[in-house]
Amino acid sequence: MFKGRDIISIKDLSLDDINVILDYARRMVPAARGEENLPLLSGRLMGRLFFEPSTRTKLSFDTAMKRLGGGAIGFSDTSSTSVKKGETLADTIRMAEAYSDCLVIRHYNEGAARLAARFSSKPVINAGDGAGQHPTQTLLDLFTIREEKGRIDGNHVVLAGDLKYGRTVHSLAHGLALYDVEVSLVSPRGLEMPGEIVGTLKEKGIGVREMNSLEEAVADADVLYVTRIQAERFPDPEEYRKVAGSYRVDLNLLDHARDGMIIMHPLPRVDEIAPEVDTHPSAKYFVQAFNGVPVRMALLDLVIRGGDLDG
Ligand code: CP
């Protein structure tokens with residue numbers, strides 16, 4: 001079902017696929033914490049090709065592979081690679097797939113991961129392509145909601161921030177469309193969720209509200225998912241300056257929130273969540289970042305070996 005499969009967009013996965021991955025990720029948690037030895041990928045190599053900066057995705061994929069007894073090769077900065085000499089993406093992919101058992105790619109161009117998959121006979125995992133998709137982030141986001149709230153169905157999820165350029169919220173919206181949830185969208189003017197994604201949510205029967213007030217949105221929210229304004233994706237820096245710092249989650253905002261609401265953020269944050277919130281019981285963004293390890297362990301084992309802990 002998963003062996004050899006590319007993971008390019010959350011839209012390529014069915015609800016059953018997602019449930020298999022989330023269940024398998026739960027089984028990986030003790031090994032992700034270093035409490036269990038689980039060398040399922042001993043002798044296997046992950047090729048990690050990062051054309052764009054990353055902390056969490058890179059480190060958690062590396063950790064995931066190592067926790068499963070495998071290794072990683074690759075780069076996180078093209079300045080020391082032959083990309084600088086003009087090597088094409090296709091040739092870089094052909095080389096990396098010859099040296100490894102699966103490829104994990106992050107690229108600044110939307111569509112680059114799908115293009116990479118055309119040139120690789122080994123499974124390709126999209127670790128973020130421009131303003132496009134970030135499917136493994138969505139899987140760890142869904143895992144976090146399920147672990148923290150007990151289930152995904154029945155929750156009111158508020159997506160707040162840069163909904164235009166934020167690939168994490170684009171992916172997550174498509175993932176949530178598979179569940180019985182309500183979604184509210186809160187963004188600065190000009191950074192609204194693309195109409196095509198709002199349309200998909202509505203077509204799937206999801207109740208969608210678009211609003212400007214974070215206070216109003218959190219009053220009946222179960223999950224507040226905050227995103228950074230993606231300065232690097234603005235064609236005009238002046239347009240970024242107009243919206244930078246236009247909203248902030250702090251303890252005053254949490255006075256308006258429903259009991260039990262959790263706060264998530266894919267990170268990195270700039271100033272959209274005040275540090276005072278970090279120790280509040282609602283703050284789950286660091287747990288969420290840890291969850292990237294068991295989720296990516298599950299995915300790597302599924303696409304490289306086909307999964308099955310008993311196999
Ligand atoms: N959430 C996320 O993709 O973080 P990084 O950019 O640090 O990988």
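- The local environment of OH in Tyr99 is sparse, with at most 12 non-hydrogen atoms from other residues, nucleotides or ligands closer than 6.0 Å.
- Under a hydrophobic-cluster definition in which Ile, Leu, Val, Met, Phe, Trp and Tyr are linked whenever side-chain heavy atoms come within less than 4.5 Å, directly or via other members, Leu299 and Met297 are assigned to the same cluster.
- Under the 4.5 Å side-chain criterion, counting only non-hydrogen atoms from C-beta, Tyr179 is not in contact with Ile206.
- The minimum heavy-atom distance linking Phe61 with Ala127 is given by the pair CE1-CB, 4.3 Å.
- Phe50 and Leu89 fall into different hydrophobic clusters, where Ile, Leu, Val, Met, Phe, Trp and Tyr are joined by side-chain heavy atoms under 4.5 Å apart, directly or via other members.
- Asp17 and Ser14 share a donor-acceptor pair across their side chains, judged by distance under 3.5 Å alone.
- Here Leu38 contributes atom CG and Glu35 contributes atom CD; the two are 12.5 Å apart, rounded to the nearest 0.5 Å.
- For the atom pair Met95 CE and Thr92 OG1, the distance stands at 9.0 Å (nearest 0.5 Å).
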Practice task
Please report the C-alpha distance between Ser121 and Glu97 in whole Å, then the side-chain angles of each, then the deciding distance to 0.1 Å, and finally whether the side-chain hydrogen bond (donor to acceptor under 3.5 Å, both in side chains) criterion is met.
Solution key: CA-CA 7 Å; Ser121 59; Glu97 72 128 5; 2.7 Å; yes

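- We find that Asp278 and Arg269 are joined by a salt bridge, their nearest charged nitrogen and carboxylate oxygen being less than 4.0 Å apart.
- Residues Thr144 and Asn291 have side chains that bring a donor and an acceptor to within less than 3.5 angstrom of each other.
- Applying the 6.0 Å contact sphere to NZ of Lys149 captures more than 12 heavy atoms from other residues, nucleotides or ligands.
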Problem - Worked check of salt bridge (Lys or Arg N to Asp or Glu O under 4.0 Å) between Arg26 and Asp23 - result: CA-CA 5 Å; Arg26 183 170 240 200; Asp23 288 346; over 6 Å; no

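- The closest donor-acceptor contact from the side chain of Asp222 to the backbone of Met261 lies at 3.5 Å or more, if one exists at all.
- The closest side-chain heavy-atom distance from Asn37 to Arg67 is not below 4.5 Å.
- If you chain together hydrophobic residues whose side chains sit under 4.5 Å apart, Leu172 and Leu139 fall into the same group.
- To the nearest 0.5 Å, atom NE2 of residue His256 and atom CG of residue Leu253 are 6.5 Å apart.
- Contact check for Phe75 versus Ser80: no side-chain heavy atoms found under the 4.5 Å cut-off.
- A salt bridge between Glu148 and Lys284 is present, with a side-chain N of the basic residue lying under 4.0 Å from a carboxylate O of the acidic one.
- Considering Asp101, Asp62, Asp77 as possible partners of Arg48, the one that fulfils the salt bridge (charged side-chain N to carboxylate O under 4.0 Å, His left out) test is Asp62.
- Residues forming a side chain to side chain donor-acceptor pair (under 3.5 Å) with His156 (at least two apart in sequence, or on another chain): Ser184, Arg209, Asp220.
- Within 6.0 Å of CZ on Arg114 lie more than 12 heavy atoms contributed by other residues, nucleotides or ligands.
- A salt bridge does not link Asp301 with Arg27: none of the charged nitrogens is closer than 4.0 Å to a carboxylate oxygen.
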Exercise for the section: Verify side chain to side chain contact (heavy atoms under 4.5 Å, CB included) between Met211 and Leu185, making sure each step is shown before the conclusion. Expected result: CA-CA 6 Å; Met211 51 181 76; Leu185 306 172; over 6 Å; no

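- Considering CG of Leu68 and CG of Leu41, their distance stands at 5.0 Å, rounded to 0.5 Å.
- If you take CZ on Phe2 and CG on Leu300, they are separated by 12.5 Å, rounding to the nearest 0.5 Å.
- With hydrogens and angles ignored, the 3.5 Å screen pairs no side-chain donor or acceptor of Arg189 with any backbone N or O of Glu192.
- Side-chain N or O atoms of Glu87 include none that pairs as donor or acceptor with a backbone N or O of Lys85 at under 3.5 Å.
- Taking the side-chain contact (heavy atoms from CB on, under 4.5 Å) definition, one finds that Ser60 meets it with Val293, Arg296, sequence neighbours left out.
- Rounded to the nearest 0.5 Å, atoms CG (Leu176) and CD1 (Ile152) are 7.5 Å apart.
- Salt-bridge check for Arg167 with Glu52: passed, with a basic side-chain N closer than 4.0 Å to an acidic carboxylate O.
- In the hydrophobic cluster analysis, where Ile, Leu, Val, Met, Phe, Trp and Tyr join through side-chain heavy atoms closer than 4.5 angstrom, Ile263 is grouped together with Ile229.
- The shortest distance between side-chain heavy atoms of Lys58 and Ser76 falls below 4.5 Å.
- Residues Tyr165 and Tyr108 are members of separate hydrophobic clusters, defined by side-chain heavy-atom contacts under 4.5 angstrom among Ile, Leu, Val, Met, Phe, Trp and Tyr.
- Considering every non-hydrogen atom in both Pro135 and Ser171, the closest pair reads N-OG, 3.8 Å.
- Within the 3.5 Å criterion, the main-chain N or O of Ser100 finds a donor-acceptor partner in the side chain of Lys122.
- The closest donor-acceptor contact from the side chain of Thr227 to the backbone of Ala160 lies under 3.5 Å.
- Between the side chain of Asn109 and the backbone N or O of Ala112 there is no donor-acceptor pair closer than 3.5 Å.
- In this structure, Arg146 fails the cation-pi test against Phe143, since its NZ or CZ atom is not both closer than 6.0 Å to the six-membered ring centre and inside 45 degrees of the ring normal.
- A donor-acceptor contact shorter than 3.5 Å links the side chain of Asn126 to the backbone of Ile8.
- Proximity of a side-chain donor or acceptor of His170 to a complementary backbone N or O of Leu163 within less than 3.5 Å is detected.
- Ring geometry, Tyr285 versus His265: the interplanar angle exceeds 60°, so the pair is classed perpendicular (tilted spans 30 to 60°).
- The pair Arg228-Asp162 fails the salt-bridge criterion, with no side-chain N (NZ, NE, NH1 or NH2) lying under 4.0 Å from an Asp/Glu carboxylate O.
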Problem - Worked verdict on Lys66 versus Thr63 for side chain to side chain contact (heavy atoms under 4.5 Å, CB included) - result: CA-CA 5 Å; Lys66 287 180 182 166; Thr63 305; 5.9 Å; no

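- Of the possible polar contacts, one joining the Arg106 side chain to the Pro53 backbone as a donor-acceptor pair under 3.5 Å is found.
- Using a 4.5 Å heavy-atom threshold, the side chains of Leu13 and Thr138 count as separate.
- Side-chain contact check for Leu224 versus Leu214: some heavy-atom pair is nearer than 4.5 Å.
- Side-chain contact between Leu267 and Gln288: absent, with no pair of heavy atoms (C-beta onward) separated by less than 4.5 Å.
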Exercise for the section: Kindly indicate, with the supporting measurements, whether the criterion side chain to side chain contact (heavy atoms under 4.5 Å, CB included) is fulfilled by Ile145 and Tyr225. Expected result: CA-CA 10 Å; Ile145 295 172; Tyr225 192 99; 6.0 Å; no

Exercise for the section: Dump the intermediate steps for side chain to side chain contact (heavy atoms under 4.5 Å, CB included) on Val218 and Arg258, then the final yes or no. Expected result: CA-CA 7 Å; Val218 299; Arg258 175 192 266 184; over 6 Å; no

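- At least one side-chain heavy atom of Ile125 sits under 4.5 Å from a side-chain heavy atom of Val303.
- Comment: Arg118 does not engage Asp6 in a salt bridge, judged by the lack of any side-chain N to carboxylate O separation of less than 4.0 angstrom.
- With no hydrogens or angles considered, a side-chain donor-acceptor pair links Asp141 and Gln137 at under 3.5 Å.
- Side chain of Ser213 to backbone of Glu216: a donor-acceptor contact under 3.5 angstrom is found.
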